[in-house]
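Beneath this line is the structure, given in C-alpha cells, with notes to follow.
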Amino acid sequence: MARVCVFGAVAADIVLRLPAPPHAGEHLNADPLGWRPGGSSANLACALASAGHHVDLVGPVGDDPMGKALLQELHRWGVHTDHTLRVPALAPRALILLDDTGERTIIGLGPRPPIDQFPPTVVPDLATTEGVYVESFTRYPPALLAQAGLPATALIVAPPPDHPQAQTPADLIVGSRDQFPQPWLTAPFTAARQVAGARLRCVIVTAGARGAVAYRADGTLHVPAPAARQVDATGAGDAFTAGLLHALLDGQSLQAALELGSTWGAHAVERLQSLPPAWQQLLDHLTTRQAEP
Ligand SMILES: Nc1ncnc2c1ncn2[C@@H]1O[C@H](COP(=O)(O)OP(=O)(O)O)[C@@H](O)[C@H]1O
Ligand SMILES: [Mg+2]
C-alpha cells in the first residue's frame with residue numbers, strides 16, 4: 001500500500017431528498033438525511049484510506065463544532081489529519097439536493113470568512129510519498145510540493161484547474177465534463193498540456209452513466225460505465241478518481257485503472273452517501289453480485 005497526500009479542505013454535506021427537482025414557487029417536503037463529510041479531497045482521502053493506503057489530508061478545517069465532528073469522521077475512516085489546521089472560520093457546508101433519479105444538485109454555503117483564504121502552514125515531509133492529489137494549485141502552489149520533498153517519481157493527480165490558465169503540473173487531470181473549461185473539450189490533452197507541461201500523461205473526462213474517456217498524447221481510451229442502480233450520484237467522480245489512483249499506485253495499466261475507477265464510481269452511486277464504500281464493503285458487494293443471476 002502507498003503513502004498518499006491529499007491537499008484540499010473538509011466540508012459537510014447536508015443532504016435533502018426531494019420527490020423531484022424543485023421549481024420556483026413550489027412548496028416541497030424534503031426528506032432530511034442528515035450530514036456527512038464531503039468535498040472532493042475528503043471523499044478521496046477516505047476512499048483511499050479505507051482501501052488500506054496511508055493517507056495524509058492537508059488543509060484547513062473550521063474551528064466550529066462541525067469542524068470537530070468532521071475531523072472525528074475522517075479519523076473513523078483512517079485518514080491522518082496531523083497536517084490539517086483548525087482555522088477561525090465555520091466549516092464549509094453544502095446543501096445536497098437529491099432528486100428521484102439519484103442525481104444531485106449542490107448548493108455551496110460558503111462560510112465568511114471563506115476557509116480557503118487561510119494559507120497552508122503545516123505541510124508534511126513528502127519524501128516517501130508516492131501519490132498526491134491537489135484539489136487546487138491556486139491554493140497549494142506547485143512549489144510547495146517540491147519544497148516538501150516530493151520525489152520526482154510520485155504521481156500527481158488534480159482536477160481541472162479553477163482558471164483555464166492556472167498552472168497545473170499534474171501527471172493526470174481528472175474531472176467530469178462540466179468541470180473542464182469548455183474550450184478544452186475539443187482537444188483535452190493538447191489544452192491541458194499548456195498548463196500541466198511535459199509531465200502530463202493523461203486527461204480523463206468522466207460523463208456519469210456514459211462512462212469516461214482518457215486522452216493521451218497517442219490517442220484515446222473509452223471506458224463504459226458498469227450498469228448501476230443510481231440512488232445518490234454525489235461523489236461518483238471522487239470514487240472514480242480514488243479507484244483509478246488505487247490501481248495506478250499498485251502498478252496496474254491505465255486501462256485497468258480506468259476500469260477500477262469505473263467500478264468504484266458505479267458502486268458509489270448505488271449508495272446513499274458521498275463517500276465511496278469502504279474497501280471491504282466493496283469486496284463483499286462484488287462477491288454478492290457475482291453470485292447473482
Ligand atoms: N449512473 C451511473 N452508473 C454507472 N456508473 C456511474 C454512474 N454515474 C457515475 N458513474 C461512474 O462514475 C464516474 C464519475 O461520475 P461523474 O458523474 O462523471 O462524476 P461527478 O461525480 O464528478 O459528477 C463515471 O465516469 C462512471 O464511471
Ligand atoms: Mg455526476
Side-chain angles (χ1 to χ4, degrees), residues 6 8-9 11 13 15 17-18 21 36-48 51 94-108 133-136 157-162 170 172-182 184-185 188 192 202-216 220-248 252 254-277 279 281-282 285-286 289 292:
V6 177
D13 283 352
V15 190
R17 188 159 47 187
L18 298 166
R36 57 200 187 185
S40 55
S41 42
N43 289 345
L44 193 81
C46 291
L48 288 172
L95 269 186
I96 306 285
L97 306 182
L98 288 182
D99 70 18
D100 54 346
T101 70
E103 190 50 280
R104 89 294 189 253
T105 303
I106 302 176
I107 303 175
Y133 181 82
V134 183
E135 195 178 297
S136 160
V157 182
D162 310 331
L172 277 120
I173 296 181
V174 189
S176 63
R177 278 190 74 83
D178 45 1
Q179 279 180 282
F180 281 89
Q182 200 60 30
W184 281 30
L185 291 173
C202 183
V203 176
I204 299 167
V205 182
T206 67
R210 283 175 288 136
V213 184
Y215 299 85
R216 288 191 297 191
T220 60
L221 284 173
H222 176 255
V223 189
R229 289 177 294 267
Q230 177 173 291
V231 297
D232 180 354
T234 323
D238 307 325
F240 178 94
T241 306
L244 181 91
L245 216 76
H246 176 68
L248 291 176
Q252 296 182 38
L254 180 63
Q255 175 73 40
L258 290 165
E259 285 167 13
L260 191 68
S262 304
T263 307
W264 286 29
H267 284 286
V269 303
E270 291 193 320
R271 284 169 178 72
L272 206 53
Q273 55 177 24
S274 302
L275 295 173
W279 180 237
Q281 283 172 289
L282 179 63
H285 188 73
L286 284 173
R289 276 202 144 191
E292 279 169 11

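Just so we're clear, the structure is a prediction, and the values are computed from it rather than from any experiment. Each residue takes its place number in the sequence, starting with 1. Counting starts at 1 for both ligands and their atoms, in listed order. When reading the values below, keep in mind they use all heavy atoms of this one structure, side chains included, and skip hydrogens, waters and symmetry mates.
- Of the candidates Gly102, Ala209, Pro226, it is Pro226 that places a heavy atom closest to atom 4 (C) of ligand 1.
- Of all atoms in ligand 1, listed by their number and element, those nearer than 4.0 Å to a heavy atom of Ala228 are 3 (N), 4 (C).
- Set against the non-hydrogen atoms of Ala207, the atoms of ligand 1 under 4.0 Å away are 18 (O), 25 (O).
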Handout entry: Verdict with reasoning, Tyr133 to Leu48, per side chain to side chain contact (heavy atoms under 4.5 Å, CB included)
Key = CA-CA 11 Å; Tyr133 181 82; Leu48 288 172; over 6 Å; no
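- For Asp238, no nitrogen or oxygen atom sits less than 3.5 Å from a nitrogen or oxygen atom of ligand 1, counting backbone and side chain alike.
- Here Val269 has side-chain heavy atoms under 4.0 Å from ligand 1, and that is the only part of it that gets that close.
- Contact annotation: the side chain of Val205 never approaches that of Trp184 to less than 4.5 Å [non-hydrogen atoms, C-beta and beyond].
- The proximity of Ala268 to ligand 1, defined as any non-hydrogen pair under 4.0 Å, does not occur for either the backbone or the side chain.
- Looking only at distances, a side-chain donor or acceptor of Gln230 sits under 3.5 Å from a matching main-chain atom of Thr101.
- The shell of residues lying under 4.0 angstrom from ligand 1, judged by heavy atoms, includes Arg104.
- For atom 10 (N) of ligand 1, the nearest protein heavy atom (residue, atom name, distance) is Gly208 O, 3.7 Å.
- Closest heavy-atom approach to atom 27 (O) of ligand 1 among the candidates Ser262, Ala266, Gly237, Ala227: Ser262.
- Regarding atom 1 (N) of ligand 1, its nearest protein heavy-atom neighbour is Gln230 OE1, 2.9 Å.
- Near Ala225, the atoms of ligand 1 lying under 4.0 angstrom from a non-hydrogen atom of the residue are 4 (C), 5 (N), 26 (C).
- The protein heavy atom nearest to atom 25 (O) of ligand 1 is Gly211 O, 3.1 Å.
- Across Gly243 and Leu260, no two heavy atoms sit closer than the pair O-CD2, 3.4 Å.
- Within the 4.5 Å cutoff, the side chain of Thr234 has heavy atoms near those of the Leu98 side chain.
- The atoms of ligand 1 that sit less than 4.0 Å from any heavy atom of Gly265 are 11 (C), 12 (O).
- For Glu270 (side chain) and His267 (main-chain N/O), no donor-acceptor pair under 3.5 Å exists by modelled atom type.
- Distance alone, capped at 3.5 Å, places no donor-acceptor pair between the Asp13 side chain and the Val15 backbone.
- With hydrogens and angles ignored, the 3.5 Å screen pairs a side-chain donor or acceptor of Ser41 with a backbone N or O of Ala9.
- Counting only heavy atoms of the protein, atom 15 (O) of ligand 1 lies nearest to Ala236 CB, 3.5 Å.
- Phe240 places a side-chain heavy atom less than 4.5 Å from the side chain of Ser262.
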